[in-house]
Amino acid sequence: MMQISDSYNQKNSLFTAMSRFIGAVNNMDQTVMVPSLLRDVPLEDGEDLKVPESAPSTNGYFQADGDMYSSYVLLKSIRNDMEWGVVGDERPKVEAEAKRSEAEDDDDLEKQFHFHLNGLHSVLSKLTLKANTLTNRYKEEIGCRN
């Protein structure tokens with residue numbers, strides 16, 4: 001009984017979601033030999049891949065009318081950010097957020113953690129689906145139906 005519970009929790013862990021996403025992007029990267037073939041190919045076959053117009057700003061990561069090439073570049077960029085960290089002017093933002101969160105109650109921190117953990121898990125699952133779908137669409141475009 002303990003193994004079933006542990007297996008279920010492990011399946012839904014953040015680490016597992018991150019591993020699945022990175023694996024899907026690595027597979028996509030190995031499959032897509034000519035990324036330029038993805039230019040101007042719309043994401044029409046996957047409603048799940050389009051970002052709703054009502055979605056909040058995502059710092060330019062998502063484009064509602066993007067093509068497969070922009071999704072390919074996006075997914076690789078997110079993978080690199082996850083593996084190597086975010087490069088740029090993020091430190092001042094992080095320091096400001098840390099000061100703000102110090103002022104918040106400790107009781108609220110656990111709730112915030114679970115909220116953000118659930119959100120991150122959800123986003124990683126959607127990005128994994130996007131990478132797998134892009135890989136399959138690329139195979140269709142070049143005529144490889146495995």
Test Ile142 against Met33 for side chain to side chain contact (heavy atoms under 4.5 Å, CB included), laying out the working first.
CA-CA 10 Å; Ile142 63 168; Met33 300 305 263; over 6 Å; no
Run the numbers on Val34 and Tyr138 for side chain to side chain contact (heavy atoms under 4.5 Å, CB included), then give the verdict.
CA-CA 10 Å; Val34 185; Tyr138 177 80; 4.1 Å; yes
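Distance alone, capped at 3.5 Å, is enough to place a donor-acceptor pair between the Ser70 side chain and the Asp67 backbone. Looking at Asn136, its side chain does come within 3.5 Å of a backbone N or O of Asn132 through a donor-acceptor pair. Remark: side-chain polar atoms of Tyr72 are not paired, donor with acceptor, to backbone N or O of Ser36 under 3.5 angstrom. No donor-acceptor pair under 3.5 Å is formed between the side chain of Ser77 and the backbone N or O of Val73.
Here His121 contributes atom NE2 and Ser13 contributes atom OG; the two are 6.5 Å apart, rounded to the nearest 0.5 Å. The structure places CG of Leu117 at 11.5 Å from CD of Glu110, a figure rounded to the nearest 0.5 Å. Remark: Asn26 CG to Arg79 CZ distance equals 5.0 Å, nearest 0.5 Å. Taking CG from Leu134 and CG from Asn27, the interatomic distance works out to 11.0 Å, rounded to the nearest 0.5 Å. The line from CZ of Phe21 to CG of Leu127 is 5.0 Å long, rounded to the nearest 0.5 Å. Taking NZ of Lys139 as the start and CD of Glu141 as the end, the distance is 14.0 Å to the nearest 0.5 Å.
Between Ala17 and Thr128, the shortest heavy-atom distance links the atoms O-OG1, 4.3 Å.
Applying the side chain to side chain donor-acceptor pair (under 3.5 Å) test to Arg20 and every residue at least two apart in sequence or in another chain returns nothing. Not a single side chain to side chain donor-acceptor pair (under 3.5 Å) links Asn118 to another residue, sequence neighbours left out.
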